[in-house]
Every structure is written in C-alpha cells, then in structure tokens.
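The figures here come from the full heavy-atom set of this structure, side chains too, leaving out hydrogens, waters and symmetry mates. Whatever order the structure lists them in is the order used to number ligands and atoms, beginning at 1.
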Amino acid sequence: MLSVQHWEELVGLGLESGLVGVGSCSARTWSSNRSRIEACSAKGLARDMEFTYRSPARSTEPQRVLKNAASLIVGALPYPPPVEFLETADMAPTGRVAAYATDVHYQHLREILGAISNRLKEFGYRSTVVLDSNAVLDKEAAYRAGLGWYGRNSLLLNRHVGSWCVLGSVVTDALIPQLSVPVPDGCGGCRRCVPACPTGALAGDGTVDANKCLSWLLQARGEFPPEFREALGTRMYGCDDCQVACPPSTVSIRRGHLGAPLLIEPLSLIDILDMSDDQLLTQFGDWYIADRDPDLIRRNALIGLGNSASEAQEIPVTLHRYRNGPDALLAEHARWAIEQRRSRGSA
Ligand code: B12
Ligand code: SF4
Ligand code: SF4
C-alpha cells in the first residue's frame, strides 16, 4: 500500500506540473462500461470507429495493461479554448483546427504522467502510462477518480475547466489508500450542447452518434456524407461546438483558468491541395488519419473550399484541377465544392 505521504507527493508533482486535478481509482474490471460500449455498437452509433470499440473487454480491464494492477492515478491537463475566427471574402481560404490539436497537449500530459510513473518506480512499484489509446477508457478513469462528471456532450467536465482538458492515467500495482469519490452530475437541466451541435449528433443522454459527428467524419475513410458537408464549414480537424456552447466550459475561460487561446499559423487550404503525399503526412503527422491516407486531408480541404467565404482566384483553378483529376473520390468532392460555390454566387 502506498503511504499517504507518497500519495501526497505524487499529487503535488502533478498539480505543480500543470494538471488541474489528480485522483485515483481501482483497476478492477469496469463491467458496466463494457456493456455500454457494446450497446453503443449494437445501436450503430460507433459507425466504423475502432478505438475502444475494437475490444470493449480489453479497454475496460486495466489489469490487461499491467499484470496485478491495483490502481490508476488519473490526471487532467487543461488546454486553451479555440480562437474565434471569421473568414471574409478578401482572405485566403483558411482551414480550422480544434483547440485540442493546436499544440502537443497529449505529449505534455504524457511527460507529466511519466514523471509520476518514474517516482512510483523509485518507491518500488511497477507502473505504466496510458492515454488516448485503445487500452483504457480515459473519461471513465477520470470519472471514477473524481475529476469530473459526464456531460450531455459525452465529455468529462471538470469543475474548474469544464471539458477543456485532456485525460490520461498511470496504471500501477501500488494500492492507493484514499480512492477518490465520483463527482455528481453538474449538467442539471442544461441541454445547450444538444442544439449547438451542427449535425444533431448528440442524443442528450451523454452519447454521440459517430455517423453524424464531424470530429469523426473528418477522420473516417471514404466519401464524406453529402448531407453534412455544408455543416463542416472549413474545419480540417476536430470540432469544438459542443464545448464552446457549454456554460461550465465557457465560465472557465472567463475565470482565466485556461490561459490565452493559442494562435497558430493559418492553415491554407490551397497549400494543402498543392502538397505532395509526403508533405501532407509530415505536416499533419500528429493527426489521426485513417490508413494514413493523405487523400482524406485533401477531401476535407476540397469541402472547405466549397464552404469558404474567400473569393481568392486560386479557388476555381484548384477545384477544376481536382474535378478533372484521376482520383474519383476527390473529383466528386471537387464537383460538390464547385456546385456549392456556384449556388452562393461565388467563383
Ligand atoms: C473514440 C473517441 C472519440 C470518437 C467518439 C467519441 C465518443 N464520445 O465516444 C470521436 C472521434 C467522435 C471523438 C471526438 C472527440 N474527442 Co475523443 N476520444 C475517443 C477515445 C479514443 C475513446 C472514447 C470511447 O471509448 N468511446 C466509447 C463510448 C461508448 O464511450 P462514451 O461515449 O464515453 O460512453 C461512456 C459513458 O457513456 C459512460 N457511462 C456509463 N454509464 C453512463 C450513464 C450515463 C447517464 C452517462 C451520461 C454516461 C455513462 O460509460 C461509457 C463507456 O465508458 C477517447 C480516448 C480514450 N482512450 O478514452 C478520446 C476522448 C474521449 N476524446 C477527447 C476529445 C478531446 C474529443 C473531442 C473534443 C475532440 C475535438 N475537438 O474534436 C471530440 C468531442 C466529441 C464528443 N462530443 O464526444 C478526450 C475527451 C476529454 C474530456 N474532457 O472529456 C478523450 C478522453 C481523449 C483524451 N485522452 O483526452 N473522440
Ligand atoms: S464534436 Fe461537433 S459534431 Fe461532434 S458532437 Fe460535438 S458539436 Fe457535434
Ligand atoms: S452544455 Fe450543458 S448539458 Fe451540455 S455538457 Fe455543458 S453543462 Fe452539460
């Protein structure tokens, strides 16, 4: 059993390194979550996602990560919200990236959890870091560790920073003496995220329908569903609308818990459509892209050109090049974009 003194040292280490919360929970199998994932799959809500859906038994048994695991030490790392952005006709067509992907937040969290894990090893325990993999349900670990509640937008909401945090754990064979208590629901009667979702992907019971969620559709293989192309706007990776609409998350911005939004280089949609496969995979290598297929990035950029308010002269040139190009999937998305611009009176 880890001593109280050692536990307090680990919590202090996490908080001093920037975590907004550190808690712990048991590594015993999370059976109710397994049934819930299976139920989501059975209802068709998972579309073609793999992740934790690939093996619900594995993702709900932390002991498969580390033999004889007794506990998880869970951390939440806050990140700045998205920058407000309005594209105008005289600007170059610009792609948008969700706030969580504007910096290497997962890497920062991995380093902090790595330091906690190393300290545990110095105390004589075994431990390993897991985050954003298929091995453990990160939100469930955080919920059990008392770091927040499940919002109707399906995200884990922390009382200080709302959902503007990434989550991860250290799985260890150390038994933690003071296991945390889950936080009660904080959504109450609020339902703002449900109508704020541009595609109606939120059922309102904490589940997301991946068939409609832009965040998944941007990553998924094949044709982008025509009925959601206009709603995509100029997003290139991720979607923040169900967080931007969320009062606890917005309040955390006003209270200054998150720091200033990160300004990133504008993402030129024309440049993206001019890049080689290698250039695309180098520049966007941190993104999850199905099969590492750079055409999926091009597909999304073509839809972005169709929706862009920009009147840059390169747009029709690029779209016609792709419409007449050899790739049937990209040609179809370019045709859609040309039609979309024409219907708005743009070139
Ligand atoms: C697959 C995945 C996605 C998928 C599916 C999302 C989903 N809700 O399942 C897609 C690609 C759509 C996605 C999008 C996003 N994701 Co994501 N994603 C994951 C991943 C890899 C697995 C999630 C998972 O297991 N889903 C399976 C389903 C069945 O789980 P679930 O919906 O959470 O259901 C659980 C609850 O319902 C709970 N539960 C049980 N009983 C009950 C009862 C009630 C009443 C309720 C409400 C819930 C509940 O049990 C279920 C099983 O655990 C995790 C990382 C990880 N390894 O955990 C990141 C993760 C969830 N994603 C994250 C982020 C940041 C995002 C985005 C915000 C990114 C963006 N800006 O685009 C969006 C948000 C979309 C949204 N509203 O959820 C963060 C969330 C951080 C947080 N504060 O919650 C995670 C935890 C990554 C990380 N390590 O930080 N994601
Ligand atoms: S990420 Fe976007 S599309 Fe997905 S549920 Fe949230 S608001 Fe809807
Ligand atoms: S918008 Fe309201 S209902 Fe949705 S997650 Fe936030 S607090 Fe909960």
> Can you name the closest pair of heavy atoms from Arg152 and Gly188 and give their distance?
Replying inline: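 Result for this residue pair: NH2-O, 2.7 Å.
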>> Could you tell me, atom by atom, which parts of ligand 2 come under 4.0 Å of a heavy atom of Pro198?
In response: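 Matching atoms, with element in brackets: 7 (S).
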> Under the salt bridge (charged side-chain N to carboxylate O under 4.0 Å, His left out) criterion, do Glu311 and Arg341 qualify, and how do the steps go?
Replying inline: CA-CA 10 Å; Glu311 294 291 351; Arg341 294 185 67 80; 3.8 Å; yes
Which heavy atom of the protein is the closest neighbour of [atom], given with residue, atom name and distance?
{"atom": "atom 8 (Fe) of ligand 2", "result": "Cys197 SG, 2.3 Å"}
{"atom": "atom 4 (Fe) of ligand 2", "result": "Cys213 SG, 2.4 Å"}
{"atom": "atom 60 (C) of ligand 1", "result": "Asp132 OD1, 4.6 Å"}

>> Pairs of nitrogen or oxygen atoms closer than 3.5 Å, one from Leu167 and one from ligand 1: do any exist?
In response: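 Yes, there is a polar N/O contact under 3.5 Å.
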> Just distances here: any N/O of Arg36 and N/O of ligand 1 closer than 3.5 Å?
Replying inline: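 Yes: some nitrogen or oxygen of Arg36 is under 3.5 Å from one in ligand 1.
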> What atoms in ligand 3 come closer than 4.0 Å to a heavy atom of Cys187?
Replying inline: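 Every atom of ligand 3 under 4.0 Å from some heavy atom of Cys187: 3 (S), 5 (S), 7 (S), 8 (Fe).
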> What atoms of ligand 3 come within less than 4.0 Å of a heavy atom belonging to Asn153?
Replying inline: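 Result: 5 (S).
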May I ask you to decide whether [X] forms a salt bridge with [Y], counting only side-chain N to carboxylate O separations under 4.0 Å?
{"X": "Arg110", "Y": "Asp132", "value": "no"}
{"X": "Asp274", "Y": "Arg298", "value": "no"}
{"X": "Asp293", "Y": "Arg221", "value": "no"}

> Just wondering, is there an N, O or S atom on Cys193 that's nearer than 2.8 Å to atom 4 (Fe) of ligand 3?
Replying inline: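 Here the distance criterion (N, O or S atom, under 2.8 Å) is met by Cys193, so yes.
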>> Taking backbone and side chain together, does Cys242 place any N/O/S atom at a distance below 2.8 Å from atom 2 (Fe) of ligand 2?
In response: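 No, Cys242 does not qualify, because none of its backbone or side-chain N, O or S atoms lies under 2.8 Å.
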>> With the threshold set at under 4.0 angstrom, would you say Asp205 reaches ligand 1 through any of its heavy atoms?
In response: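 It does, in that a heavy atom of Asp205 comes within the 4.0 Å cut-off of ligand 1.
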> Which one holds for Leu202 and ligand 2: side chain close, backbone close, both close, or neither close, with close meaning a heavy atom under 4.0 Å?
Replying inline: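 Answer for Leu202: side chain.
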